[in-house]
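Single-structure report; data block below.
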Amino acid sequence: DAGVTQSPTHLIKTRGQHVTLRCSPISGHKSVSWYQQVLGQGPQFIFQYYEKEERGRGNFPDRFSARQFPNYSSELNVNALLLGDSALYLCASSLGYGGYGYTFGSGTRLTVV
Amino acid sequence: AQSVTQLDSQVPVFEEAPVELRCNYSSSVSVYLFWYVQYPNQGLQLLLKYLSGSTLVKGINGFEAEFNKSQTSFHLRKPSVHISDTAEYFCAVSLYGGSQGNLIFGKGTKLSVKP
């Protein structure tokens with residue numbers, strides 16, 4: 001079975017630009033979450049979606065937005081990129097939320113120059 | 001609010017020696033507990049999780065962890081490590097029950113296994 005797939009794997013953008021990151025969950029998983037991992041830190045929660053509804057939002061500015069599609073895939077959008085947005089962006093999927101545990105993708109490495 | 005503290009940022013150990021990676025958490029409500037491993041340039045892989053029941057949890061690759069409610073700890077142990085265990089390990093919690101289940105991670109512990 002395919003795991004959680006994320007695209008692209010690497011991306012270089014210029015300050016002020018917009019970026020869209022994509023995630024396909026494991027088949028049957030209805031929950032998708034996004035995390036930002038800055039070098040040397042643990043992942044920080046950005047968004048969680050379950051059954052296409054936003055279930056949680058972390059402490060990130062409104063420049064960050066996301067959505068989940070009917071096939072449960074998801075997009076993370078970041079507007080007006082800043083140098084500080086450079087990070088590994090991880091997508092995780094789960095059957096539900098809470099105690100199910102999450103399966104993570106390999107991430108998208110975003111570099112803002 | 002919940003928080004996770006991983007007490008050691010780096011742990012060097014020789015091959016075949018035992019290792020313990022320490023994790024303490026703070027929460028006013030019950031939580032689920034997780035350990036994840038991250039190999040270089042990869043995502044996170046679930047090692048084990050504690051939901052309820054027996055406080056000793058066994059995971060993949062020979063790892064185990066013990067939940068101690070009174071000390072709010074969830075330390076990860078392995079009796080004999082291999083070179084291939086070199087990676088970064090993250091402890092995480094999520095709220096028990098509730099309408100969302102986002103993970104709150106510690107800052108990670110880099111395990112370096114030397115021959």
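In what follows, chains are A, B, ... by sequence order, proteins preceding strands, each numbered from 1. When reading the values below, keep in mind they use all heavy atoms of this one structure, side chains included, and skip hydrogens, waters and symmetry mates.
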Who among A:Q44, A:Q41, A:R109 has the most heavy-atom pairs with chain B under 4.5 Å? A:Q41
If one checks every heavy atom of A:Y35 against chain B at 4.5 Å, the contacting part turns out to be side chain
For residues A:Q6 and A:S106, is any side-chain donor paired with an opposing acceptor at under 3.5 Å? no
Which of the residues B:S9, B:A92, B:G43 is involved in the greatest number of heavy-atom pairs with chain A at under 4.5 angstrom? B:G43
A:V19 versus A:L81: any side-chain heavy-atom pair under 4.5 Å? yes
Scanning both residues in full, the closest heavy-atom pair of A:G42 with B:F90 reads CA-CE2, 3.4 Å
I need the residue from A:P43, A:G58, A:G105, A:G107 with the largest number of non-hydrogen atom pairs under 4.5 Å to chain B. A:P43
How far does OG of B:S84 sit from CD of B:E15, to the nearest 0.5 angstrom? 8.0 Å
B:Y25-B:Q6 side chain donor-acceptor pair, cut-off 3.5 Å: no
Less than 4.5 Å to any heavy atom of chain A: does that hold for the side chain of B:Y36, its backbone, both, or neither? side chain
